[in-house]
Amino acid sequence: MDHLKNQEGAPSDQNPPSYFEKQPCNQQPPPAHGPANPTMPPQYQPYYAPYGAVPDQGFITQPLLHATYVLPVQPTHEPDYLGYSIFTMLCCCLPLGIAALVYSIQTRDANRMGNGAEAQRNSRTARNLAHAALGVGIVLLIVYIVLVVVSFSSLYH
């Protein structure tokens, strides 16, 4: 291998540059086909033909193919029952209150996105779960009061 390098004229005893002599990595290499034309707007930057194409064609400009229009969404106004869900979660029945809270947040998101059908469905589900949590909480409270009254009455008789 060394005799081939010597025949080509490159010295065989030349070492690669040291670590500190190398170029820093943060420099950007120049574009393969030259810099983009700064006088043209970005959507009309030149397109250079690939290697092996017919020479002397210059460059081809391609216009913007499509545009995306974002229309503002009209928010809906379905009730989200967030306060009611938080109350039932903290004071009545935790599992049903958490489910009601999740549907309340989904209602709020659907309202913000303008999805009326989903907001109405989630609002109804949040309300029903919060009602169920309140019912379970009231039933548990009544059962607790009855048990306390029965236990105190049995202690004094």
Answer yes or no: is there a donor N or O on one side and an acceptor on the other, between the side chain of Ser123 and the main chain of Glu78, under 3.5 Å? no

Using 0.5 Å steps for rounding, measure from the [atom1] atom of [X] to the [atom2] atom of [Y].
X: Cys91; Y: Ile86; atom1: SG; atom2: CD1; value: 11.0 Å
X: Gln106; Y: Asp80; atom1: CD; atom2: CG; value: 12.0 Å
X: Ile138; Y: Cys93; atom1: CD1; atom2: SG; value: 12.0 Å
X: Gln120; Y: Asn115; atom1: CD; atom2: CG; value: 11.0 Å
X: Arg124; Y: Arg127; atom1: CZ; atom2: CZ; value: 7.5 Å

Does some side-chain heavy atom of [Y] sit less than 4.5 Å from a side-chain heavy atom of [X]?
X: Tyr144; Y: Leu147; answer: no
X: Tyr84; Y: Leu134; answer: yes
X: Tyr103; Y: Leu129; answer: yes

Quick one: hydrophobic cluster around Leu141, which other residues, with the 4.5 Å side-chain cut-off, linked directly or via members?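 Answer for Leu141: Ile145, Val149.
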
Same cluster (ILVMFWY, side-chain, under 4.5 Å), [X] and [Y]:
X: Leu101; Y: Leu94; answer: yes
X: Leu155; Y: Val150; answer: no
X: Leu140; Y: Leu90; answer: no

Exercise: identify the closest heavy-atom pair between [X] and [Y]:
X: Thr88; Y: Ala130; value: CG2-O, 3.4 Å
X: Ser104; Y: Ala126; value: OG-CB, 3.6 Å
X: Leu82; Y: Arg108; value: CD2-NH2, 3.4 Å

Do Asn111 and Thr76 have a side chain donor and acceptor closer than 3.5 Å? yes

